[in-house]
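Report on the structure given below.
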Protein chains: 2
Amino acid sequence: MNVSEAIISSVSVKPTPARRRAGPSDRRPTLKDIAAELGVTAATVSNAYNRPDQLSPELRTRVLETARTLGYAGPDPMARGLRRGRAGAIGVLYADRLSYAFKDPVAVALLAGIATAAEAAGLGLLLVPGSPREERDLDAARRAAVDGFVVYSMAQEDPLLSAALERRLPIVTVDMPGRSAAPSVAIDDVASARTVAEHLVGLGHRRFGVLSLELTPDVRSGLADSSRQQAASYPVSRGRLRGYREALEAAGLSWDEVPVQECAENSVEEGRAAAERLLERGSGPTALLAMSDALALGALEAGRRAGLTVPKDLSVVGFDDIPEAAGATPPLTTVHEPHLEKGLKAGEILVALLAGEEFPSVVTLPTRLIVRGSSAPPGASGPPR
Amino acid sequence: MNVSEAIISSVSVKPTPARRRAGPSDRRPTLKDIAAELGVTAATVSNAYNRPDQLSPELRTRVLETARTLGYAGPDPMARGLRRGRAGAIGVLYADRLSYAFKDPVAVALLAGIATAAEAAGLGLLLVPGSPREERDLDAARRAAVDGFVVYSMAQEDPLLSAALERRLPIVTVDMPGRSAAPSVAIDDVASARTVAEHLVGLGHRRFGVLSLELTPDVRSGLADSSRQQAASYPVSRGRLRGYREALEAAGLSWDEVPVQECAENSVEEGRAAAERLLERGSGPTALLAMSDALALGALEAGRRAGLTVPKDLSVVGFDDIPEAAGATPPLTTVHEPHLEKGLKAGEILVALLAGEEFPSVVTLPTRLIVRGSSAPPGASGPPR
DNA sequence: GTTCAAGTCTTAATCGATTAAGGATCGATA
DNA sequence: TATCGATCCTTAATCGATTAAGACTTGAAC
């Protein structure tokens, strides 16, 4: 690819002095100001906005007009929220930093789903900052003006989760089956992982390696021994690990001999590094089970660098079915997850909860094994055609 | 690509009856309840949370303990917000539906930038629903509990923008140079468009077609005549159109003879449809100027379907430099925009505004022409190597 | 000429907190 | 012992709205 670049414009900045503080005279008008101007009470003005049937159409028109001329933009959201006991927004709690969430296609799809549900209900979507899990971040969750939370893929003992639960607001969890009493939306991680592992077993593979997502929130990468596997607190990682294990043990393999490389981050880069370490080992694996497509894409790269041909010398399977998976070389065999639907469903349940309606407490969405070109029998010249 | 699929798990739902309404006895505790329990005043409890130096450490500990046992999660965000006059969140106003925003890589990158700035300031990010521009949507903007807005790529006369401006909150606009007095972050659309058009002119092209983004918010697709071009109210489309025009006229071409196909949506599909219509015309163009990469990708597809080889028979250039651009076949020549930086800068300016600090009122970020494989001299066998 | 309902606006309590200013206590200093 | 400054807590006003219940007016029905 012949790429030439030319800078067109450079940064230009026009400075402006800080604005002067608004004096008492030009402060923003309130309900009362409108009321005073018209010689009516605040209640009437409030009604003009919230219950038009409670006052004569003419007066209402006058109220709205006066509001316009005085520059009143309607009832203060915070005051209204306080009085009505509703914030008009749904909060989203995510295990990682916000800035990371937007880079992860899976998280983006999930957010799109939640946003759709929120939008349909006329609610805003408040993304709560947080990740380093300092007191400051917990406060952000405690101080978020929301009516409920959608919590996504957090460890059971995450302090951010506790902070949210303490608020006793309606909560829906995503990808966090089990423990909490809150309604939850998820896939069957165990079955899905088992299926993709069985696929490889069925192709004849006997030597495996696992590229794992984080097991606990302590950001560690490296080989995860059995005690660390036991300690896994991210339900997703825990479930997928168990599925892999069930499939391999059912095939008569010893799980203890399967190296599990934990990646501190769900990125191609980390996946590559981890895969390289797995490939370096004595009797290298013929198949890699990656807990995400990002990790699997990294594994493909590691294979290439090691001079291996996928899938002839090495099979690689992922999980998630992100858009890039189909376009990879070779296209990635993976488990398709309905990310957008997960978010949508979670959002809908939360909205129902807020409305006091009936709602399903546990939703398990379907997944599909998608066999593409990155998996084949060991030593085969290509995928079965 | 040999894809086989197998459904692993199907939907499963476990219903739960609606929760009973919380009675008066088990209502959530307030500051006062904690205060009463300890025999102190509400002010003291408030201080325990907000100004630890204002009370003895022992009492503070007791307050926090009592709060825990009584299930008090800290001061109510709304009440606190009302009293302090701060919502603790930044609002984002987007021209399209939220659900669409998450599907557009450009919008996602921008959001990532804003989120980063918000996160650094400990502020939440409130995505405000809105798009069909019904009264309901305007209300969403009016009722959003935020301290300020980042407004992204909206038409000057958009009622949603007016609704936001009426609130008299700090506002930063992105990709909306000109009109409003608010600080703004943008690129130089005119210069960038001129440059990419000059690139094609320089390669020897004389017959052009333009794939335009929406010109006004009325969702129309079709050929845009000169009066409609005049009426363009989206600053981005307006600027790029002008840049194209300047470059072509400078080359001695008549702008009136350049067909401008407007696309109702920034999607590959719309781009393909529009490009097909341009290619059907009498003396087909040898080069297509697309205002976005999504449209350009559609144009590539249209070219393929028409049996044309890009860039031999047809040159196509985009705008944005989304990730898919580099991976397209052939790789897309385009204008690189710093999307993430735009969001970051806008967020930072808004944060500064809120803090009453100095801030730049106009920031123009640099762009770069990136020449890849989709542009070449007309009739050439390939891009220059 | 009552009575009544409908329509229109007001009264007054309330949502849950924050904060400047003031009062009480206490040991230390002169 | 009177004075002073800290330390610790309370008083009371305030943020900007919502809403159930009540009061007043008016015209119609009996």
Side-chain angles (χ1 to χ4, degrees), chain A residues 22 24 27-63 66-67 70-88 139 142-147 167-169, chain B residues 22 24 27-63 66-67 70-88 139 142-147 167-169:
Chain A
R27 67 172 219 290
R28 241 176 312 170
T30 69
L31 257 195
K32 268 193 196 122
D33 297 318
I34 312 299
E37 179 76 17
L38 285 166
V40 299
T41 61
T44 302
V45 178
S46 172
N47 282 332
Y49 284 95
N50 303 306
R51 305 152 51 155
D53 56 312
Q54 296 293 298
L55 72 172
S56 65
E58 306 83 56
L59 180 53
R60 185 172 125 94
T61 308
R62 279 171 56 218
V63 168
T66 310
L70 262 54
Y72 177 70
D76 180 274
M78 227 99 78
R80 150 192 285 245
L82 170 60
R83 186 62 244 239
R84 307 241 284 215
R86 306 192 124 273
D139 277 346
R142 286 193 268 253
R143 300 215 258 252
V146 298
D147 295 319
R167 289 193 53 183
R168 315 251 203 112
L169 292 176
Chain B
R27 68 172 217 289
R28 242 177 310 168
T30 69
L31 257 195
K32 268 197 197 120
D33 298 318
I34 311 299
E37 179 76 16
L38 285 167
V40 298
T41 62
T44 302
V45 177
S46 172
N47 282 331
Y49 284 96
N50 301 307
R51 305 152 51 155
D53 56 312
Q54 296 293 299
L55 72 172
S56 66
E58 305 82 57
L59 180 54
R60 185 171 124 95
T61 309
R62 279 172 55 217
V63 169
T66 311
L70 262 55
Y72 177 71
D76 180 274
M78 228 100 76
R80 149 191 287 245
L82 171 59
R83 186 62 245 239
R84 308 241 282 214
R86 307 193 122 271
D139 278 346
R142 286 194 266 255
R143 299 216 256 253
V146 297
D147 295 318
R167 289 194 50 183
R168 315 249 204 113
L169 293 176

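The basis for the numbers below is simple: all heavy atoms, side chains too, and nothing from hydrogens, waters or symmetry mates. A, B, ... follow the sequence lines: proteins, then strands. Residue 1 opens every chain.
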(request) To the nearest 0.5 Å, tell me how far R143(B) CZ sits from R86(A) CZ. (result) 11.5 Å
For atom [atom1] of [X] and atom [atom2] of [N], their distance in whole Å:
| X | N | atom1 | atom2 | result |
| --- | --- | --- | --- | --- |
| L38(A) | dT10(C) | CG | C1' | 15 Å |
| R28(A) | dG16(D) | CZ | C1' | 11 Å |
| L82(B) | dT18(C) | CG | P | 11 Å |
| R60(A) | dC9(C) | CZ | P | 13 Å |
| R80(B) | dC15(D) | CZ | C1' | 14 Å |
| K32(A) | dT11(C) | NZ | P | 13 Å |

Reckon [X] has a side-chain N or O less than 4.0 Å from the OP1 or OP2 of [N]?
| X | N | result |
| --- | --- | --- |
| T30(B) | dA17(C) | yes |
| R84(A) | dT19(D) | yes |
| Y49(B) | dT19(C) | no |

(request) Check the pair I34(B) / E37(B) against side-chain contact (heavy atoms from CB on, under 4.5 Å), numbers first and verdict last. (result) CA-CA 5 Å; I34(B) 311 299; E37(B) 179 76 16; 5.7 Å; no
(request) Quick one, give me the B/S/- string for nucleotides 5-14 of chain D, reading 5' to 3', where B means a protein heavy atom under 4.0 Å from the base and S means that only happens at the primed atoms, P, OP1 or OP2. (result) ---SBBB-BB
(message) Assess the residue pair T66(B) and Y72(B) against the criterion (side-chain contact (heavy atoms from CB on, under 4.5 Å)); give the C-alpha distance rounded to whole Å, side-chain angles, the decisive distance to 0.1 Å, and a yes or no.
(response) CA-CA 8 Å; T66(B) 311; Y72(B) 177 71; over 6 Å; no
(message) Using side-chain contact (heavy atoms from CB on, under 4.5 Å), reason through D76(B) and R28(B) one step at a time and then give a plain yes or no.
(response) CA-CA 10 Å; D76(B) 180 274; R28(B) 242 177 310 168; 5.5 Å; no
(message) By nearest heavy atom, map A79(A) and R51(B) onto DNA chain C; which one lands nearer the 5' end?
(response) A79(A)
(message) With a 3.5 Å distance limit and no angle check, can you tell me whether R142(A) reaches the backbone of R167(A) through a side-chain donor-acceptor pair?
(response) no
(request) Walk me through it: do R62(B) and L59(B) pass the test side-chain contact (heavy atoms from CB on, under 4.5 Å)? (result) CA-CA 5 Å; R62(B) 279 172 55 217; L59(B) 180 54; 3.8 Å; yes
(message) From C-beta outward on L31(B), which listed nucleotide comes closest to its side chain: dA17(C), dA17(D), dG16(D)?
(response) dA17(C)
(message) So that I can tick it off, tell me whether D33(B) and R27(B) are bridged by a salt bridge, with the cut-off set at under 4.0 angstrom between side-chain N and carboxylate O.
(response) yes
